[in-house]
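Throughout, protein chains are lettered first and strands after them, A, B, ... in sequence-line order, and every chain is numbered starting at 1.
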2 protein chains.
Amino acid sequence: MNAQDDTSKQITSVDVAKLAGVSRSAVSRTFTPGASVAQETREKVLKAADALGYRVNQLARSLTNKRSDLVGIVAANMDNPFRTEQIEQISRKLMEQNFRPILMPAESADDPSRIIGMLLEYSVSGVIVTSDTPPEAICQECVSLGVPVVLVNKRKIGATVDRVLMDNLKCGQLAAQALYEKGCRNVAIISANVPSYSLQVRGDAFKRSCLEMGLQPVTGFAADFQDYNGGAHAAAQLLASGRPFDGLFCVTDFMALGALDHLRLSGAPPVPERMQVIGCDDIRQAAWQGYNLTTIRQDTAHLAEAVIEALLNRFSKPNAPATTKTLDVSLIERGTTR
Amino acid sequence: MNAQDDTSKQITSVDVAKLAGVSRSAVSRTFTPGASVAQETREKVLKAADALGYRVNQLARSLTNKRSDLVGIVAANMDNPFRTEQIEQISRKLMEQNFRPILMPAESADDPSRIIGMLLEYSVSGVIVTSDTPPEAICQECVSLGVPVVLVNKRKIGATVDRVLMDNLKCGQLAAQALYEKGCRNVAIISANVPSYSLQVRGDAFKRSCLEMGLQPVTGFAADFQDYNGGAHAAAQLLASGRPFDGLFCVTDFMALGALDHLRLSGAPPVPERMQVIGCDDIRQAAWQGYNLTTIRQDTAHLAEAVIEALLNRFSKPNAPATTKTLDVSLIERGTTR
DNA sequence: CTGTTAGCGCTTTCAG
DNA sequence: CTGAAAGCGCTAACAG
């Protein structure tokens, strides 16, 4: 009907071959890194391709290759800046390696198996999970289909599912030690009522370290949601309980910011003079001058690198035993501690 | 070599057909919504598929369909919470409609044409751009390939490129009016030194509205980066300039938060008593009790809906003239104004 | 309603 | 180094 319609036909390797006066194979080889084509042929092909505006159809290519270069990212809690930072870094690194990230936001309510199943329909080359720990069954399915799964900050499952973790144990320990060394003798912890492996480990490590140092931490105050408001509410309850404390560890920065604001605005003892606060993650907001939060830092860029590395390793050794890469963390002292 | 290897063969519709004792077509039809299959056949197929763990290969499917259900999202400034909110909402809505979002983070340094080109290789069904306005040429290529492009908060280009915008003009107007009505007579604006269409429009509208009301706005203070620190620096320069002001409009909340923190911590006149501040976007942080920022709100959920709608409309009417959907905004009064 | 028959666009042996 | 031919997994006419 429209003149536009004529143009809208896709240009295929046949068209290019025809124009260049060569076979489709020659075209294919020209666009396959490391294939053997005569320089002269390649040039003819390239010229024709350029003239026609040809683009390789990656979908068709992956049909034969069995690998699509699509990589799924299953992500939860995208309201948490730490997560979006991870996602951005991972997607970038993926693109650099010529993969294409397909992003699947997932709430806890969503069934991870279903989400991963959708990904499988697209023959993804790999799946990166930063949401809740998925059921072992679906991971096994991925693995037996030759699709590597990389878990970020999740508990161990299966025998060939790689993980990359920040050192959550150390997070808790560093926080406890720092608070102790800075003079706190009545420490409290705000955790979250969510089934999160890393938050669990952080919290447990903190409590254990406290006990080891002879401190009896104030526990039992957990946010219903792992976010700013969750932190604020938990802080309110902690204050309302009347239990005295001069040091506070929040298992995530996101919650710590809420707690901090609540402390400041509710007439609680001033931070850091009579109350010290430490968070965990080092999200960008922690460094904002309005917060200046002391925290435990783990570099999302390193994390992203480790994830990609795990993925690539798994491609080359599909049956190697599961690996766990633990990334170091460090205390970043800012203004909420003395 | 390994027992696992035997399992790793992909299950195809042929396998299912064989087990179910039907033809491949029957299998295909069973998994094609709205195809005609006898109930009995369908059940046999479903049972066999389930037993085998069959999944449709969407890549193969799209090879015939010419539509992949993959939708590209080109996104910049992922450090800005407003952007990640947009991205999350859009991806979710896309998934609900059975599309799969492929996320391409892009800095201003990246060439949008290259990024979109990559997307085209994957036969995406559409492209959503929330980064810088892409060159018209590549958009034309998309359009002539039948791939709709939807621009979010970008200036107009081409004849069949749809856009969805928040009412940037009104943003600036509302801010100016609110400040005026709340008694400010010396207003200032902090904008950004970046080539952003929407920021430009907001700023211009603000200035014009001020002039119309007889106010001479303090201008010329722009952040080099469209972020928290950018806002803080600009505020510092504004204060250092010695030019008096009692009302401040920041073209994004992200910058507003930085400015606000700077004002508070630098001993500037107290907010909101002697200085009122308004931002724009209504990012989540604006509602945090520590900021409680008055701002201009635009619902990212609505925005996402409008984007999907534009996409779907374009599918049904490929050659319809370009549409522009402008979403209404409203003033959210919080604690930084009186 | 069902099976058969052609492809979708690309890669990849396999001869030459 | 190059072309011909087969096939990746699926869908879409087309007869039956």
For side chain to side chain contact (heavy atoms under 4.5 Å, CB included), just list the numbers for A:Leu165 and A:Lys325, CA-CA rounded to whole Å, side-chain angles, deciding distance to a tenth of an Å, and then say yes or no.
-> CA-CA 6 Å; A:Leu165 312 168; A:Lys325 170 95 175 185; over 6 Å; no
Are A:Gln97 and A:Leu312 close enough that some pair of their side-chain heavy atoms sits under 4.5 Å apart?
-> yes
When we call it a touch if two heavy atoms are under 4.0 Å apart, what does B:Val37 touch: a base, just sugar-phosphate, or nothing?
-> sugar-phosphate
C:dT11, D:dG3, C:dT2: which one has an atom nearest the side-chain heavy atoms of B:Ser36?
-> C:dT2
Ranking D:dC8, C:dC1, D:dT2 by distance to the side chain of A:Ala38, first place goes to D:dT2
Looking at C:dG3, D:dC8, D:dG3, which one has an atom nearest to any side-chain atom of A:Val22?
-> D:dG3
May I ask you to evaluate whether B:Ser28 reaches the phosphate of D:dT11, defined as a side-chain N or O under 4.0 Å from OP1 or OP2?
-> yes
Could you check whether A:Ser13 gets within reach of a base, just the sugar-phosphate, or nothing at all, counting any heavy atom under 4.0 Å?
-> sugar-phosphate
Which part of the nucleic acid does B:Tyr54 contact within heavy-atom distance under 4.0 Å: base, sugar-phosphate only, or nothing?
-> sugar-phosphate
Is any side-chain N or O of A:Thr32 under 3.5 Å from a base N or O of C:dT11, one able to act as donor and the other as acceptor?
-> no
What's the closest nucleotide to the A:Thr64 side chain, out of D:dT2, D:dG9, D:dG7?
-> D:dG7
Of C:dT12, C:dT4, C:dG9, the nucleotide closest to the side chain of A:Arg29 is C:dT12
Does a nitrogen or oxygen in the side chain of A:Lys66 sit under 4.0 Å from OP1 or OP2 of D:dG9?
-> yes
Residue A:Asn65, side-chain heavy atoms: nucleotide from C:dT11, D:dG9, C:dG3 that is nearest = C:dT11
Do side-chain atoms of A:Arg42 reach the backbone of A:Val27 as a donor and acceptor pair under 3.5 angstrom?
-> no
For D:dG9, take OP1 and OP2 only and decide whether either is under 4.0 Å from a side-chain N or O of B:Thr12.
-> no
